[in-house]
Enquirer: 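My questions will all concern the structure given below.
Protein chains get the first letters and strands the later ones, always in sequence-line order, with residue 1 at the start of each. These numbers were taken from a predicted model, which means no experiment stands behind them.
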Amino acid sequence: MASPQLLREVDSVDTQLDVHMEEDVGDLSNGFQRSSPSVNDEGSQSQPKQSNLPNGLRKSGRKHQDYIKISVPEPKNRLPLEWWKTGIAFIYALFNLVLTTVMITVVHERVPAKETSPPLPDKFFDYVGRVEWAFSISEINGMILVGLWCCQWLFLRYKSIAARRFFFIMGTLYLYRCMTMYVTTLPVPGMHMKCAPKLHGDSQAKLQRILRLISGGGLSITGSHILCGDFLYSGHTVMLTLTYLFIKEYSPRRFWWYHLLCWLLSAVGVVCILVGHEHYTVDVVIAYYITTRLFWWYHTMANVQTLRSSPQNYLSRSWWNPVFCFFEKNVQTQVPCSFSWPIAWPPSCFKSSCKNYSMVQSARRQ
Amino acid sequence: MKKVVYWSSEEVSSWLAEEGMPEYSDSFQRLNGKDLLRLTEADFKKPPLSLVCSDNGQQLLNKIKTLNIEHHIEAHKNGHANGHLIKGKNGDSSSSKAKRNGMPNGFRNEMVQIHMPMPEKSHFPMEWGKTALAFIYALFCFVFTTVMISVVHERVPPKEETPPLPDKFFDIFDRVEWAFSICEINGMILVALWLIQWTLLKYKSIIGRRFFFIVGTLYLYRCITMYITTLPVPGVHFQCSPKLLGDWEAQMRRVIKMIAGGGLSITGSHTMCGDYLYSGHTVILTLTYLFIKEYSPRRFWWYHWICWFLSVVGIFCILLAHDHYTVDVVVAYYITTRLFWWYHTMANQQILKEATNTNFFSQVWWYSAFQYLEQNVSGTVPRNYQLPFPWRATPFSRNVKYTRLDT
């Protein structure tokens with residue numbers, strides 16, 4: 001939509017063109033045809049053979065000026081929010097959590113009794129005796145870290161993108177955990193563990209157990225961690241490590257004290273799992289390995305744009321690559337570490353409207 | 001040198017021979033310098049000159065022109081184009097001591113050596129030293145694994161105390177006795193194929209380096225997981241050799257026996273128990289397949305399929321023989337594939353070889369080792385092949401010299 005000013009300019013250019021054309025009819029420029037000499041006199045001949053203008057510029061009648069729309073490319077938003085994708089990721093994570101809970105219930109039936117299958121030899125257990133309250137420390141640390149991450153997430157500017165990634169990674173880790181838990185059942189790591197009695201075939205009671213586990217979040221503090229068999233690999237380690245990685249990644253670099261604090265919480269939590277003899281060492285080690293690798297893999301793929309189009313990208317051979325492409329297709333750059341108030345303040349109804357700066361803006365609004 | 005106009009016919013013919021145009025010397029036998037300079041294109045259109053060469057004498061005319069210029073310049077050493085000095089009033093054309101050479105732009109008469117820039121440093125330097133280091137690393141990890149198996153063997157709970165753990169695959173499939181031999185045969189075939197393929201590669205050292213590093217790291221990880229928690233034997237069919245409590249010599253002999261046999265039960269060296277998490281056989285089967293596929297031409301799809309099939313059947317047979325738990329195989333597959341893909345992506349992308357904030361790949365513990373091994377390799381290693389020995393050594397080749405450049 002051209003403003004009147006632009007129109008006037010176009011008008012003058014047009015005039016100049018006309019004048020020029022009248023003088024040099026039959027001249028060189030592209031698209032010119034040598035018209036018959038009779039056109040030479042005035043430019044207002046009604047039927048020229050061709051429009052006589054260079055490069056297909058149409059000669060609009062001076063009385064009837066059209067608006068010439070010059071389309072300005074919209075600045076592409078490189079970090080679109082796309083909350084619906086976050087919704088999908090959330091459902092995926094929820095599904096996997098529920099699946100894990102169901103799997104724990106199933107596996108519980110197959111755990112060998114402590115008497116028949118004593119705890120496996122573990123190097124850490126040989127050196128460090130069991131401390132009873134250690135597991136509570138681990139769970140408290142986990143809850144603190146999750147709380148911190150939630151608060152931090154609220155203040156992020158690009159909440160949806162960060163949340164999408166968190167849900168996807170967590171969901172995938174729990175999915176892997178389902179598989180490893182299911183295929184081979186390890187015996188309980190210590191004689192102190194009290195496993196709920198087995199319900200052979202009682203589906204209703206199993207369902208109740210599942211609901212209880214979900215509502216308690218799988219923590220023994222809440223009394224929902226009564227089922228055994230979910231040893232390889234450790235879900236507590238996953239949460240401790242993952243929340244720490246996310247906290248560190250999506251907070252400013254200069255908050256080193258904050259990062260150190262979270263790292264301490266995480267490390268102490270993980271060690272306390274072992275001190276409490278609640279998981280084998282190999283469970284913790286594998287959980288740490290898989291969590292860190294998956295986090296780094298996903299984020300490198302998301303941040304390094306050249307990888308996406310490169311044919312030598314072996315990272316795209318993972319099974320979740322199509323899902324990754326779906327989530328991160330429109331995220332063109334690394335998510336900057338910027339924060340904003342969770343609720344827009346002041347509310348927009350109090351804001352004064354911007355003055356009109358130019359006629360272009362008003363024209364555009366038309 | 002005399003000016004061209006003063007040349008005699010012998011000098012003309014010797015000049016022709018020098019310039020590599022002896023074919024004209026017959027026709028120009030009675031031509032002296034002056035006539036040479038007066039040759040035009042029209043002369044070459046008529047016989048006999050048109051019969052000598054098909055280019056209408058263009059080459060010869062060009063050479064004559066060059067000759068002309070040289071002499072012209074030498075004759076007029078002063079007062080002309082760039083680099084010319086204005087001499088004194090009695091500028092003598094043939095004065096031997098011209099202040100400057102008198103030719104434009106430093107044009108000189110003699111042979112000038114043009115320094116060719118040396119060919120750029122190869123993008124894929126061989127660096128066998130690094131490959132040797134990687135080999136030593138892999139060897140160390142192998143030996144360490146063997147020692148670890150020997151140590152862990154002492155701690156495996158006896159089958160009577162700790163029965164085999166419940167495993168989904170074992171519930172579905174019963175044990176088949178000869179399955180493990182199939183797995184090991186497949187493994188040996190794959191390793192042999194990979195070795196043959198490796199000898200035919202052009203960039204052996206780089207690829208060998210990668211293989212040793214990845215294999216070494218995988219076995220190192222395996223040591224850790226084996227050591228920290230000891231799983232019981234997966235089946236009651238296992239014959240574990242008796243424990244040698246504290247007898248170092250016997251343990252050493254056991255270690256050597258295992259290394260010599262490569263850890264295979266076919267060779268009778270797989271008598272120790274406890275090395276279950278995770279499965280070394282799966283590692284070798286998967287890794288050799290990945291390397292074979294990666295470093296062979298894409299059109300050999302049938303070859304890739306065969307190797308894939310061998311690999312899958314081998315892994316399936318491990319489970320069928322109840323020689324490993326399912327979780328051992330799954331974890332081994334996961335770690336092997338991820339490490340392979342991770343390493344190769346890092347090696348192929350220059351941007352990932354620098355430790356920046358966005359490059360999370362640099363957070364792995366082996367990143368500095370990786371940088372050391374791969375820093376001079378720029379880009380993807382092309383799949384080029386060559387015979388391991390030079391072709392000329394065989395009696396079949398005939399050395400034909402094509403140009404004088406070859407000497």
Enquirer: Do the rings of B/W341 and A/W297 sit parallel, tilted or perpendicular, given the 30° and 60° boundaries?
Expert: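 Because their plane-to-plane angle is over 60°, the rings of B/W341 and A/W297 count as perpendicular.
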Enquirer: Could you list which of residues 275-294 of chain B have a heavy atom closer than 4.5 Å to any heavy atom of chain A, in residue-number order?
Expert: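 Residues of residues 275-294 of chain B touching chain A at under 4.5 Å: B/L277, B/E294.
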Enquirer: Nearest 0.5 angstrom please: A/H192 NE2 to A/R130 CZ, how far?
Expert: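 So the NE2 of A/H192 and the CZ of A/R130 are separated by 4.0 Å.
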Enquirer: Here's a test for you: under side chain to side chain contact (heavy atoms under 4.5 Å, CB included), which of A/V102, A/V106, A/T100 qualifies with A/I104?
Expert: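 Only one of A/V102, A/V106, A/T100 forms a side chain to side chain contact (heavy atoms under 4.5 Å, CB included) with A/I104, namely A/T100.
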Enquirer: Is B/T380 close to chain A through its backbone or its side chain, or both, or neither, when contacts mean heavy atoms under 4.5 Å?
Expert: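 The side chain, not the backbone.
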Enquirer: Please list, one pair per line, the donor and acceptor atoms closer than 3.5 Å that link side chains of residues 267-277 of chain A to other protein atoms, with sequence neighbours excluded.
Expert:
residue	atom	partner	partner atom	Å
A/H277	NE2	A/V128	O	3.0

Enquirer: What part of B/Q349 gets within 4.5 angstrom of chain A, counting heavy atoms only: side chain, backbone, both, or neither?
Expert: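 Side chain of B/Q349 only, per the 4.5 Å heavy-atom cut-off to chain A.
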Enquirer: Against chain A, label B/Y227 side chain, backbone, both or neither, depending on which of its atoms sit under 4.5 Å from a heavy atom there.
Expert: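 The answer is both parts of B/Y227.
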Enquirer: Can the ring centres of B/F213 and B/F370 be said to be less than 6.0 Å apart?
Expert: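 Here the rings of B/F370 and B/F213 have centres that are no less than 6.0 Å from each other.
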Enquirer: Are there residues of residues 313-332 of chain B whose heavy atoms fall under 4.5 Å of chain A's heavy atoms? If so, which?
Expert: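 Those residues of residues 313-332 of chain B which have a heavy atom under 4.5 Å from chain A are B/Y325, B/T326, B/V327, B/V331.
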Enquirer: Give a yes/no on whether the SG-to-SG distance for A/C195 versus A/C228 is below 2.5 Å.
Expert: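 Yes - the two cysteines, A/C195 and A/C228, have SG atoms within less than 2.5 Å of each other.
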Enquirer: What residues of residues 285-295 of chain A make heavy-atom contacts with chain B at a cutoff under 4.5 angstrom?
Expert: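 Contacts with chain B: A/V285, A/I286, A/Y289, A/I290, A/R293, A/F295.
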Enquirer: Among A/A302, A/P112, A/P121, which residue has the highest count of heavy-atom pairs closer than 4.5 Å to chain B?
Expert: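 Greatest number of close heavy-atom pairs with chain B: A/P121.
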